[in-house]
Amino acid sequence: MRLRFAPSPTGYLHVGGARTALFNWLLARRSGGSFILRIEDTDLSRSTEEAIEAIIRDMRWLGLDWDEGPEVGGEHWPYRQTGRVNLYRRAAEELLREGSAYRCFCLPEELAERRERAVKEGRSPMYDRRCRSISPEESLAMAREGKPFALRFAVPEGETVVRDLVRGEIRFRNEEIEDFVLLRNDGSPTYNLAVVVDDLDMRITHVVRGDDHLPNTPKQILLYRALGEEEPAFAHLPMIVGRDGKPLSKRHGDVAVGSFQERGFLPDAMVNFLALLGWSLDDSTTIMDRDTLVAGFSLERVSSKPAVWDDEKLLWMNSQYVMAMDAEELAHALMPFLARAGLAEGDDTEALEKMRRIAPLIRERIKVLADAVPLVAFFFREPEAEEEARELLVGEENRAVLRETGKRLLELEGFDAAALESALRAMAEEMGVKPRKAFQPVRVALTGSKVSPPLFESMEILGRETCLRRIARSLEEGGMEKG
RNA sequence: GGCGCAUUAGUCUAGUUGGCCUAGGACGCCGCCCUCUCAAGGCGGAGAUCGCGGGUUCGAAUCCCGCAUGCGCUACCA
């Protein structure tokens, strides 16, 4: 099997595109075939180099590697349509010669006007094929005169059947299909011509794409036939929509793959989640690693109804992958986030060492990597007690607990979590204070918050000196607040 | 308007050839347990007249027809 993902570089890679790319990739990997990345940049005015770079970067981040395409090469270089115009032109000439295409001298403005009028009068806005009746001689003469023209496909009579691997057979009556444009009046190819020529040239065997392309498919099939070729197999994936049932867009929040990376989603979690948008392995499996995905994926199990993007579930899934990371991995993954928050330098080995110890404490407390920042900040800089936590630093009982804690920490032999816990539990009991009442003031003094990673383990990492200093400082400030 | 696609709980879905579905799993939600906070984890629970209406059949979420709703396409965008 040879499959491809052919994004148009008019913006960042969004999750819908990523899902399409993933399904193609999965099929290629599963079949031992090839996965090709091709840039569909026929629309010069909207395509940008930055978008191409972003798409490549995001694809790599997701771990969707391609066998042919930008950066890796291949015999169909450059894998972007702007570099392959001769191919399209040659195909167009062939179609013109064979009578499958004709020159259309209608001006775009005229066309727009006629279309508008047709809609207003309740007629079909389809092109009326008026230039189709211009004789070849006259057509050629007009072209020689320098009259601008577009090349249109002459849709034959009959019916075109799309055999879709997801939806089965779909029939289209050809009279419903417009004589679509193949070459614009500037000679550039349109999408329909370019995809067909590229897919043919690259020997694509399966075209897997979003179902917004379904109505285009009969046009393309007609083109394949006119070129004397067999069409590849088609599979149209359901759209991804938001909770309101509308196609996923920026209105629904972040849809760019890059923004998920920034929030600290893991590539494996994204891939797992994306795979489940319109596909399922069986009736119960949710968490699947790449190998399982590759081994189990099939188009037969792709659903045909739109998939709703569920942020909550993505978050949960990501947390599952975070929990599965070991301390080493997590610590490394977290460093860029610490750096961005100004808590450490990106290459700070001391901070990395500390993060290795912190990682197990926060692993099941974060859903995305960015969640770690507020949770671990107190390990890296002096905390400022949160407004709603200050109450735990004032009052006689709280202050007594803090004073006594300081005393016990000073006397303690070692400074590991187990020793700390037994010492402070003993203290609470002797003071007649419930453990939770005794530990909360300490937590606030050390972390600045009522919510933190486990106290004793955190204390061990902070070290005796830091703990004592923070307790003393809290006592001071609490005293001032009281007075 | 025309053409096409879709329609199982708030959400992702299972349900491939009709009976094993008094509709299964997961997210979320609620409760209990665990507990130094928050999580995580364990246990339990609520939640779907399978869009609506007909039909075929001994029997339909599963097949057929109609309707409704949503979405896509209808560009010299992709």
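Protein chains get the first letters and strands the later ones, always in sequence-line order, with residue 1 at the start of each.
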Distance below 4.0 Å between Arg436(A) side-chain N/O and rU37(B) OP1 or OP2 | yes
Write down the distance separating the P atoms in rG10(B) and rA46(B), rounded off to the nearest Å.
-> 16 Å
Are Arg115(A) and rC76(B) close enough that a side-chain N or O sits under 4.0 Å from OP1 or OP2?
-> yes
Respond yes when some side-chain nitrogen or oxygen of Lys246(A) is under 4.0 Å from OP1 or OP2 of rG70(B), and no when none is.
-> no
Are side-chain heavy atoms of Val162(A) and Glu169(A) found at a separation under 4.5 Å?
-> no
Would you check if the distance from the ring center of Phe273(A) to the ring center of Trp316(A) is below 6.0 Å?
-> no
Quick one: look up who rG47(B) pairs with, Watson-Crick or G-U, both distances under 3.5 Å, and put none if it's unpaired.
-> none
Just wondering, do Trp279(A) and Leu26(A) contact through their side chains at under 4.5 Å, heavy atoms?
-> no
Could you check which nucleotide pairs with rC27(B) in any of the strands shown, counting Watson-Crick or G-U wobble with both distances under 3.5 Å?
-> rG10(B)
Taking the same atom, C1', in rC36(B) and in rC12(B), what whole-Å distance lies between them?
-> 37 Å
Answer for the Watson-Crick or wobble partner of rC38(B), both distances under 3.5 Å, is none
rC5(B) -> Watson-Crick or G-U wobble partner, both distances under 3.5 Å, gives rG70(B)
Under 3.5 Å on both distances, the Watson-Crick or G-U partner of rU56(B) = none
Searching all strands shown, indicate the nucleotide that pairs with rU62(B) (Watson-Crick or G-U wobble; both distances under 3.5 Å).
-> none
Which value, in whole Å, describes the distance between the C1' atoms of nucleotides rG72(B) and rA78(B)?
-> 14 Å
Which distance, rounded to the nearest 0.5 Å, do you find between the CD1 of Ile366(A) and the CG of Leu330(A)?
-> 5.5 Å
If you measure from the P atom in rA14(B) to the same atom in rG66(B), how many Å do you get, rounded?
-> 26 Å
Identify the pairs formed between an N or O of the protein and an N or O of nucleotides 1-4 of chain B at a distance under 3.5 Å, and give each distance.
residue : atom : partner   : partner atom : Å
rG2(B)  : O2'  : Glu176(A) : OE1          : 3.0

Any Arg301(A) side-chain N or O less than 4.0 Å from OP1/OP2 of rG15(B) = yes
Please determine if a side-chain N or O atom of Lys219(A) lies less than 4.0 Å away from the OP1 or OP2 oxygen of rC73(B).
-> no
Report the distance from atom CG of Leu193(A) to atom P of rA78(B), rounded to the nearest whole Å.
-> 11 Å
Hey, are the side chains of Cys106(A) and Arg114(A) touching, using non-hydrogen atoms and a 4.5 Å cut-off?
-> yes
rC30(B) and rG70(B), which share atom name P, separated by this distance in whole Å = 32 Å
Distance check: side-chain N/O of Thr42(A) vs OP1/OP2 of rA78(B), anything under 4.0 Å?
-> yes
Partner nucleotide of rG18(B) by Watson-Crick or wobble geometry (both distances under 3.5 Å) = none
Think Arg30(A) forms a cation-pi with Phe297(A), using NZ or CZ under 6.0 Å from the six-ring centre and within 45 degrees of its axis?
-> no
Does a sphere of radius 6.0 Å around CD in Glu116(A) hold more than 12 heavy atoms from other residues, nucleotides or ligands, not counting ones at 6.0 Å or beyond?
-> no
Identify the residue among Arg38(A), Gln220(A), His206(A) that makes a side-chain hydrogen bond (donor to acceptor under 3.5 Å, both in side chains) with Asp199(A).
-> Arg38(A)
